[in-house]
Amino acid sequence: VQHLVLAEEARPGHIFTVDDFASFSLHPETELLLLDMGLHKIRSKETYWNDNSGLHPDVAKYLKMKCPRLRGIGMDSISMNPWKHKELGR
């Protein structure tokens with residue numbers, strides 16, 4: 001299990017890209033990756049679900065390359081795909 005703090009404070013609507021992960025040393029044996037986007041701090045607000053942060057599709061390929069044994073990702077966002085950017089998840 002590896003835990004990454006991507007943002008100390010919530011960044012509503014932010015789309016995390018490969019560049020956001022580049023500064024982290026990802027262990028190739030990681031099977032479970034926990035992402036802290038700072039959204040747990042606004043969980044009781046409408047912004048949490050209406051303007052949530054998410055991951056750009058290229059992040060999946062990048063993580064699989066860096067962590068070939070990766071089996072799961074957990075995060076403090078309601079979805080990997082930002083509500084206001086649904087086209088990214090298609």
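We use all heavy atoms of the structure for the numbers below, so side chains are in, but hydrogens, waters and symmetry mates are not.
One distance of note links CZ of R71 with CD of E31; it measures 6.0 Å at 0.5 Å rounding. Within the model, atoms OG of S77 and OH of Y48 stand 6.0 Å from one another, a figure rounded to the nearest 0.5 Å. Atom CD in E9 sits 10.5 Å away from atom CG in L39 (nearest 0.5 Å).
Residues meeting the salt bridge (charged side-chain N to carboxylate O under 4.0 Å, His left out) test with D58, sequence neighbours left out: K61. Take R11 and apply the salt bridge (charged side-chain N to carboxylate O under 4.0 Å, His left out) test, not counting sequence neighbours, and it matches no residue. Every residue was checked against the side-chain hydrogen bond (donor to acceptor under 3.5 Å, both in side chains) condition with S53, not counting sequence neighbours, and none meets it. For H56, there are no ring-ring contact (aromatic ring centres under 6.0 Å, His included) partners at least two apart in sequence or on another chain. Annotation: salt bridge (charged side-chain N to carboxylate O under 4.0 Å, His left out) contacts of K64 (sequence neighbours excluded): none. Remark: E8 engages no residue in a side-chain hydrogen bond (donor to acceptor under 3.5 Å, both in side chains) (not counting sequence neighbours).
M80 and M65 fall within a single hydrophobic cluster, where Ile, Leu, Val, Met, Phe, Trp and Tyr are joined by side-chain heavy atoms under 4.5 Å apart, directly or via other members. L26 and L35 fall within the same hydrophobic cluster, defined by Ile, Leu, Val, Met, Phe, Trp and Tyr side-chain heavy atoms under 4.5 Å apart, directly or through other members. No chain of hydrophobic side-chain contacts below 4.5 Å, direct or via other Ile, Leu, Val, Met, Phe, Trp or Tyr residues, connects F16 to L34.
Under the 3.5 Å distance criterion, the side-chain polar atoms of N50 are left unmatched by any main-chain donor or acceptor of T47. With hydrogens and angles ignored, the 3.5 Å screen pairs a side-chain donor or acceptor of Q2 with a backbone N or O of S25.
D76 has its side chain within reach of D36: a pair of non-hydrogen atoms, C-beta onward, lies under 4.5 Å apart. Inter-residue side-chain proximity for M75 and L55 is flagged as met; some heavy-atom pair is nearer than 4.5 Å. Inter-residue side-chain proximity for L63 and I73 is flagged as met; some heavy-atom pair is nearer than 4.5 Å. In this structure, F21 and L6 have side chains that are in contact, with non-hydrogen atoms separated by less than 4.5 Å. At least one side-chain heavy atom of D20 sits less than 4.5 Å from a side-chain heavy atom of H14.
For K66, the NZ atom sits in a loose shell: 12 or fewer heavy atoms of surrounding residues, nucleotides or ligands are nearer than 6.0 Å.
Contact detail for L4 and F24: the closest heavy-atom pair is CD2-CD2, 3.5 Å.
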